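A short write-up of the structure that comes next.
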Amino acid sequence: MKIQLLKNKLTGLIIPLVLYVAWDLLSRYELVPSTLMPPPKVLFETWWVMQSSGELLLNMKMSLLRVGAGFLVGASSGFLLGTAMGLWKPVEQYLNPVFNFFRQVPVVAWIPFLLLWLGIDEWFKIVFISCGAFIPMTLKTYDGIKNVPASYLEVVRVFEYGWFRLLRTVIVPSALPSIFTGLRLSLSEAWMLVIGAELVAAGEGIGNVMVIARRLFQTDVVLVGVIVIAITGFAMDRLLGLLETRFLGWHRTQNAQ
Amino acid sequence: MKKTINILLILALGVAVFGATPGFAQPEKVIRIGFPGGSGRPLSAGGWGYVQAKNLFEEEFKKDGWTIEYNYIKTAGPGVNEGLANNSLDFGSHGDLPVLSARAGGLKIKALAAVRGGTSHLLVPTNSNIRTIKDLKGKRVGVNVGTWTHALLIKVLKDNGLTMKDIKVINTSGTAFETALTTGDIDAGFGSLSLIRSGRAREIWTTVGRHVRYQNTNTFVVREEFLKKHPDIVKRLLKVYVKGLYLASLNKNETLKFNTRTGTALADLVTDNGGQSIKYLTSPKLDGQVTQQYKDSLVLFKDNGLIRKTFDPEKDLYERKYLDEVLKELKLENHWPNYDINGNPIKK
Amino acid sequence: MERLGTLEVKNLSKKFRSRNDELTVLNDINLTVQPGEFISIIGSSGCGKTTFLRLVVGLEKGYEGEILLDGQRLNGPSLKRGVVFQDHRLLPWLSIEKNVGMGLKDAKSDESRKAIQEHLELVGLKGFEKHYPHQLSGGMSQRAAIARALVNRPGILLLDEPLGALDALTRMYMHQELERIWKQEKITMIMITHDVDEAIVLSDKIVVMSSRPGTIKKIIPVPLARPRDRASYDFVKIKEEVLEEFQLHTEHPFTYTI
């Protein structure tokens with residue numbers, strides 16, 4: 001059982017390993033110019049320089065702060081709207097069409113409009129990120145509540161539950177896996193959009209480091225940025241995944257069967 | 001076994017995808033020259049403008065079936081670098097920061113000739129209360145990151161005891177910069193005289209009339225691989241180019257008039273470059289003025305993190321062989337003097 | 001606490017209306033169930049037996065006629081009627097103990113704890129308090145569902161094919177268990193089933209229903225001593241009597257097996 005689990009995890013590492021070796025060989029023998037694809041060794045050196053100068057941490061901190069603010073605002077308002085639409089018919093009838101209409105617009109399409117309204121400072125970035133985080137959270141919360149199995153609702157109807165107890169005992173726990181999925185989608189969206197926002201408008205941040213590096217022909221720095229973004233995004237998702245396992249153990253094991 | 005096959009399949013897919021990447025192929029018999037674009041019509045200023053307007057390259061290479069492609073890259077010097085890196089350009093003519101940062105970043109290019117005399121103006125909105133460089137502290141300054149004006153801003157700030165950390169850098173260029181300046185989204189930035197003439201901006205500082213080290217000294221560069229493959233083409237191209245510069249240097253007024261084809265008013269051209277000798281403006285020589293300025297720039301760029309490692313331009317950048325041969329063949333060795341770091345001709 | 005549980009059903013009819021159609025699902029059902037009786041309702045699929053049960057539970061609204069529990073007309077679901085569904089419907093996020101306590105007003109009180117404990121013991125799940133539903137087998141889950149339905153001492157327990165999803169051996173074991181619980185709790189039970197043996201083993205009366213529209217075809221008493229021997233002559237005779245109802249009144253014999 002444990003060995004199988006380990007094996008599954010290691011299988012996921014095969015392709016990255018093969019890619020790494022291929023990358024190393026291609027760049028080592030200059031089959032791809034180092035200006036287009038710097039060798040891993042150079043990246044490690046560049047990473048170390050950026051790390052030890054504090055440049056990387058400072059910029060990561062800025063980006064993460066923006067993600068935090070945007071995610072907090074976006075996900076919490078998404079949770080509220082999703083819950084309201086899921087629980088109250090009138091709210092659903094009034095807001096769901098509007099929500100569905102606006103969510104067809106890719107968040108990046110709002111950039112010119114947001115820039116016009118909010119300028120290029122922090123407000124723009126945070127509003128932009130929250131817009132992106134808001135949508136999956138609303139959808140998944142709404143979905144989760146709408147999809148509470150009717151069979152469970154029948155059970156509690158027999159028990160004459162009041163609103164609060166119904167919510168606490170059945171609706172919230174049943175919707176929780178979906179809400180967690182919403183949280184994860186929302187966070188990864190926020191993380192993608194912070195990079196997008198920083199590519200558009202300057203200020204400190206890992207996305208901006210990459211823009212400037214690109215302009216200064218520092219391909220290695222751009223690539224270090226890509227890798228750091230990937231690792232951070234992966235780590236944040238894993239963290240939420242761990243929280244999910246912690247709180248939704250029943251769900252994981254149930255689905256595994 | 002099945003697993004191995006799966007992995008091989010995935011690898012094959014990867015190779016297919018990477019192998020099919022465009023931009024690696026070299027088209028036959030096309031010479032592709034890249035310029036920083038974004039302002040003005042697709043035509044360059046100075047000697048280049050003369051060469052282009054008279055179709056000198058096209059005439060020269062018509063008989064061999066080679067065609068010329070002038071590319072104006074919206075993303076300016078850094079964009080030219082990208083074109084050279086992914087083989088979509090063969091030549092470039094761009095500023096000190098892009099050329100030096102490209103070489104520092106490992107881009108294999110050689111500088112064939114110098115292109116002098118680039119000017120710029122530090123602008124603020126007309127109603128701004130910024131009067132001097134020192135007032136820029138804490139302000140949002142529009143910077144076309146990676147271009148020569150980026151380097152210029154660093155120099156100017158340094159003269160006033162400031163660094164880039166004292167201002168808020170907004171990466172912007174072209175019309176976006178002009179709009180942002182007029183709407184007040186940014187407080188200052190380097191731009192052209194046209195903004196002042198249209199009453200949208202006020203100048204607080206300019207390169208005009210100052211030491212040449214503030215001016216832009218471009219270089220005409222070629223991709224090393226292209227040079228190795230077609231040294232004869234490079235030499236012929238350079239020869240025609242120098243011939244054009246010679247013709248341009250004979251009549252300053254006519255050359256300036258030619259340059260109005262870029263869309264810049266004659267009055268502005270006169271303001272910007274009228275005070276300098278046409279010989280200086282057209283000289284292709286990689287002389288002391290260029291090399292000393294580049295040497296200083298490398299130090300400045302390294303100190304400011306614009307380049308991460310330095311290099312020796314004498315060894316890694318300048319390729320004087322072709323220019324020297326061409327000047328000799330055209331008997332123009334003494335047409336242009338060598339200039340020193342201050343832009344003064346060195347008397348023999 | 002004395003448990004009542006006389007169920008009277010008088011002239012009960014139920015129609016489902018779609019846009020331009022009306023389907024009579026139940027027609028003129030009359031049935032009286034005495035306190036402590038075990039009744040099985042058996043019939044081919046589509047005979048309306050589940051609709052009947054849902055009406056009695058109160059999960060289905062709108063009917064003609066009367067359903068009275070101890071003389072009172074039913075109005076929606078109530079704690080007075082426990083229900084066990086074919087799928088156990090335990091909430092996967094609650095422990096067995098908490099699932100069983102779901103029907104109690106205050107599951108944390110000492111009284112409630114006692115009731116939960118007693119009922120877990122009743123269904124033989126002592127020691128599984130902290131387990132989660134996914135850790136239990138099908139039979140155990142169904143027993144937990146029975147404990148949950150009984151914990152607030154309803155007068156009547158309605159079972160909708162409660163053993164339908166279990167394998168044959170578990171089922172036979174559950175027959176014994178169900179009988180024991182019924183005896184111990186002295187509760188009225190109404191069970192829907194499509195298993196004739198199951199109905200005969202457990203019931204005092206078997207209600208045979210026919211379909212389209214669902215009506216009561218026959219009520220067959222099972223006056224056999226408990227525990228019942230499936231191989232006995234009387235058992236087999238009653239079985240034949242029940243089966244005959246289907247053969248006579250269905251176009252395709254044995255379609256009652258779902």
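Predicted model, so just to flag it, every value in this text is computed and none were measured. Letters A, B, ... mirror the listed sequences (proteins, then strands); counts begin at 1.
- Using the six-membered ring where Trp is involved, B/F220 and B/F91 have ring planes that are tilted, between 30° and 60° apart.
- For B/T172, no part lies near chain A; criterion is any non-hydrogen pair under 4.5 Å.
- Using a 4.5 Å cut-off between heavy atoms, B/L97 contacts chain A through its side chain alone, with no backbone atom that close.
- No side-chain N or O of A/R215 forms a donor-acceptor pair with one of B/N171 less than 3.5 Å apart.
- Separation of the A/F113 and A/W117 ring centroids falls under the 6.0 Å cut-off.
- For a residue to count as touching a neighbouring chain, one of its non-hydrogen atoms must lie under 4.5 Å from one of that chain's; by this rule B/R103 does not touch chain A.
- Comparing B/T147, B/N144, B/I186 by heavy-atom pairs within less than 4.5 Å of chain A, the highest count is held by B/N144.
- Shown here are the ring-ring contact (aromatic ring centres under 6.0 Å, His included) partners of B/Y318, two or more places apart in sequence or in another chain: there are none.
- Of the listed residues (B/S101, B/A104, B/G305, B/G146), the one with the most heavy-atom contacts under 4.5 Å to chain A is B/S101.
- With sequence neighbours excluded, no residue forms a side-chain contact (heavy atoms from CB on, under 4.5 Å) with A/A230.
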